[in-house]
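Please read the structure below before turning to the comments.
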Amino acid sequence: MSTRPPIRVLLADDHTLVRRGVRLILDGEPDLTVVAEAGDGAEAVAAARATEADLAVLDVAMPRMTGLQAARELSRRLPELRILILTMYDNEQYFFEALKAGACGYVLKSVADRDLVEACRAAVRDEPFIYPGAERALVRSYLDRMHRGGDLPERPITEREEEILKLVAEGHTSKEIGELLFISAKTVERHRANLLQKLGVRDRLELTRYAIRAGLIEP
């Protein structure tokens with residue numbers, strides 16, 4: 001019988017019922033235990049720094065800070081922490097963004113009861129995990145793009161612009177965004193102007209539509 005301590009998991013999802021269900025799955029395993037929960041990406045970053053979690057399981061679409069944004073922040077601040085993305089989006093772009101953000105696994109919520117436990121164990125062994133069935137499509141897509149002389153799609157905006165875009169789309173004022181990100185309202189306005197120009201949109205409504213398409217907020 002193993003005497004190793006259980007893997008300590010931080011769980012972040014803005015839906016309480018989802019967190020409750022995922023926690024039941026994880027706490028039902030003898031080698032896994034949920035030590036902290038968070039309702040958005042910013043809470044997840046704070047909780048990870050306050051606890052000694054081995055693994056963070058992050059939803060993609062959350063208020064204030066997405067799971068991908070939180071993953072980037074956690075990868076910088078806590079490089080030893082393993083990160084899994086748990087999402088409803090079966091999406092190639094999110095998958096590659098998750099890897100770039102420092103995640104070592106990508107699990108679909110629709111099959112979390114089947115795959116999540118295995119993904120958690122793989123992450124702590126420092127092994128990548130992709131949901132079964134994705135590998136062939138991802139490799140085919142990658143090879144097709146290489147054959148056409150293309151490259152992996154680049155993010156059109158910077159990480160800071162992405163943070164501001166998300167908060168604008170959620171309805172925050174420039175003053176509120178400045179307070180959340182510890183920058184001036186004038187700096188927020190400058191970033192916002194850059195976003196309008198880069199994305200070729202005219203107003204907050206079109207920025208919000210882009211944020212929905214990019215998975216930064218839920219429709």
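Start at 1 with the first residue, then count along the sequence. Remember, it's a predicted structure, so these values are computed and weren't measured experimentally. All values below come from the heavy atoms of this structure, side chains included, with hydrogens, waters and symmetry mates left out.
Listed by chain and number, the residues in a salt bridge (Lys or Arg N to Asp or Glu O under 4.0 Å) with Arg8 are Glu52, Asp54 (sequence neighbours excluded). In this view, Ala98 and Leu68, Ile85, Ala103, Tyr106 satisfy the side-chain contact (heavy atoms from CB on, under 4.5 Å) rule, not counting sequence neighbours. Under the salt bridge (Lys or Arg N to Asp or Glu O under 4.0 Å) criterion, Glu206 pairs with Arg202, sequence neighbours left out. Listed by chain and residue number, Glu73, Glu159 satisfy the side-chain hydrogen bond (donor to acceptor under 3.5 Å, both in side chains) test with Arg76 (two or more places apart in sequence, or in another chain). In this structure, Arg209 has no side-chain hydrogen bond (donor to acceptor under 3.5 Å, both in side chains) partners at least two apart in sequence or on a different chain. By the side-chain hydrogen bond (donor to acceptor under 3.5 Å, both in side chains) test, Asp14 pairs with no residue at all, sequence neighbours left out. Residues meeting the side-chain hydrogen bond (donor to acceptor under 3.5 Å, both in side chains) test with Thr33, sequence neighbours left out: none. The side-chain contact (heavy atoms from CB on, under 4.5 Å) test applied to Ser110 returns Leu108, not counting sequence neighbours.
Residue Met62 shares its hydrophobic cluster (ILVMFWY side chains chained together at separations under 4.5 Å) with no other residue. Grouped by direct or indirect side-chain proximity (heavy atoms under 4.5 Å, Ile/Leu/Val/Met/Phe/Trp/Tyr only), Ile217 sits with Ile212.
Note on Glu29 versus Arg121: salt bridge recorded, some NZ/NE/NH1/NH2 to OD/OE distance being below 4.0 Å. Under a 4.0 Å N-O distance rule, the pair Glu161/Arg190 does not qualify as a salt bridge.
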Determine all donor-acceptor pairs shorter than 3.5 Å in which one atom belongs to a side chain in residues 171-178; sequence neighbours excluded.
residue, atom, partner, partner atom, Å
Thr173, OG1, Glu176, N, 3.1
Ser174, OG, Glu189, OE2, 2.3
Lys175, NZ, Glu179, OE2, 2.8
Glu176, OE1, Thr173, N, 2.9

For residues 16-28, which side-chain N or O atoms pair as donor and acceptor with protein atoms under 3.5 Å away, sequence neighbours left out?
residue, atom, partner, partner atom, Å
Arg19, NE, Glu37, OE1, 2.8
Arg19, NH1, Asp13, O, 2.6
Arg23, NE, Asp27, OD2, 3.0
Arg23, NH1, Glu37, OE2, 2.6
Arg23, NH2, Val34, O, 3.1
Asp27, OD1, Val34, N, 2.9

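Of the possible donor and acceptor atoms, one in the side chain of Thr208 sits under 3.5 Å from a partner among the backbone N and O of Arg204.
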